[in-house]
Asks: 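Below you'll find the structure I mean.
Whatever order the structure lists them in is the order used to number ligands and atoms, beginning at 1.
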Amino acid sequence: MKIGIIGAGNIGGTLGRLWVQAGHHVRFGVRDPERVLPLLDELGSGASAGSARAAAAYGDLVVYAGPYGAWPEVAEDILSSIQGKTVADAANPYPERDGAITDIVARTGRGAGLYTAGLLPGAHVVKAFNTIYWLDLRDKAFAPGRLLAMPMAGDDAAALRAIADLATDAGFEPVVIGGLDRSGDLDPGSPIYAKSFTADQVRAALALNSNHHGDRS
Ligand SMILES: NC(=O)c1ccc[n+]([C@@H]2O[C@H](COP(=O)([O-])OP(=O)(O)OC[C@H]3O[C@@H](n4cnc5c(N)ncnc54)[C@H](OP(=O)(O)O)[C@@H]3O)[C@@H](O)[C@H]2O)c1
């Protein structure tokens with residue numbers, strides 16, 4: 001699969017590495033491609049870099065792993081390239097980094113996933129890859145014994161299935177917690193945020209019933 005990843009830092013770079021290792025092709029969308037040359041050297045022919053718009057156009061699927069505060073500008077830039085595509089949002093709003101948008105999202109009371117979906121009309125937004133601490137992403141993929149969970153929320157079944165498959169390919173157990181109206185349960189401060197939880201622990205912490213087995217229904 002061709003995956004466009006906007007942002008190549010802790011989260012974007014680590015996801016890209018895991019997906020290239022799984023046999024996918026990744027194009028990172030960055031402001032300065034020179035800065036990702038060491039990562040591209042490491043990943044070999046499965047990885048390339050260009051602008052955010054180039055990455056969005058390249059990907060069958062697009063993942064955003066930049067600062068939440070940059071979302072409005074990036075969304076405008078990539079909008080024509082992501083029509084009909086699945087876009088996973090790994091970004092979290094933090095006031096010290098992202099400024100006013102943090103308050104704006106909080107005031108909606110509906111979760112960052114729904115806010116992001118509002119920025120991306122025509123795309124199938126899935127909130128995913130945003131609750132895991134990046135060192136867990138890097139060091140606990142394919143954890144022996146019991147995989148760590150990759151919680152996600154979205155409204156489109158096919159989009160959820162595609163992102164769940166990518167979570168599996170990265171070495172985690174996908175857990176669909178519900179539609180985007182539940183995406184607030186994935187935001188900073190939620191009981192599962194930045195915890196090294198298994199799927200069962202995620203379901204227990206969010207009081208999900210046992211139908212939510214990452215069944216992507
Ligand atoms: N760190 C974690 O444990 C963690 C866990 C889950 C989710 N997240 C979320 O994932 C996102 C990325 O976090 P991170 O830790 O990977 O950050 P990071 O290491 O600082 O990487 C951020 C990436 O975004 C790019 N970027 C910065 N400003 C940008 C802009 N204005 N427009 C487009 N791209 C820009 C950066 O590239 P250049 O500056 O080189 O252009 C860099 O590639 C954040 O929203 C964060 O809240 C982080």
Asks: Under a plain distance cut-off of 3.5 Å, with no hydrogens placed, do Ser48 and Arg27 share a side-chain donor-acceptor pair?
Replies: yes
Asks: I'd like to check the ring-ring contact (aromatic ring centres under 6.0 Å, His included) partners of Phe129; sequence neighbours left out, ordered by chain and number.
Replies: Trp19
Asks: Of the options Thr116, Asp155, Asp89, which is the one that meets Leu180 in a side chain to side chain contact (heavy atoms under 4.5 Å, CB included)?
Replies: Asp155
Asks: Give the minimum heavy-atom separation between Ala56 and Lys85, together with the two atoms involved.
Replies: O-NZ, 2.8 Å
Asks: Can a salt bridge be assigned to the pair Asp200 and Arg146 using a cut-off of 4.0 Å between side-chain N and carboxylate O?
Replies: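 Yes.
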Asks: Can you tell me how far the CE atom of Met152 sits from the CZ atom of Phe172, to the nearest 0.5 Å?
Replies: 11.0 Å
Asks: Could you please provide the protein residues found below 4.0 Å of ligand 1 on a heavy-atom basis, arranged by chain and number?
Replies: Gly7, Ala8, Gly9, Asn10, Ile11, Arg31, Arg35, Ala65, Gly66, Pro67, Tyr68, Ala70, Ala90, Ala91, Asn92, Arg97, Phe129, Asn130, Ile132, Tyr133, Trp134
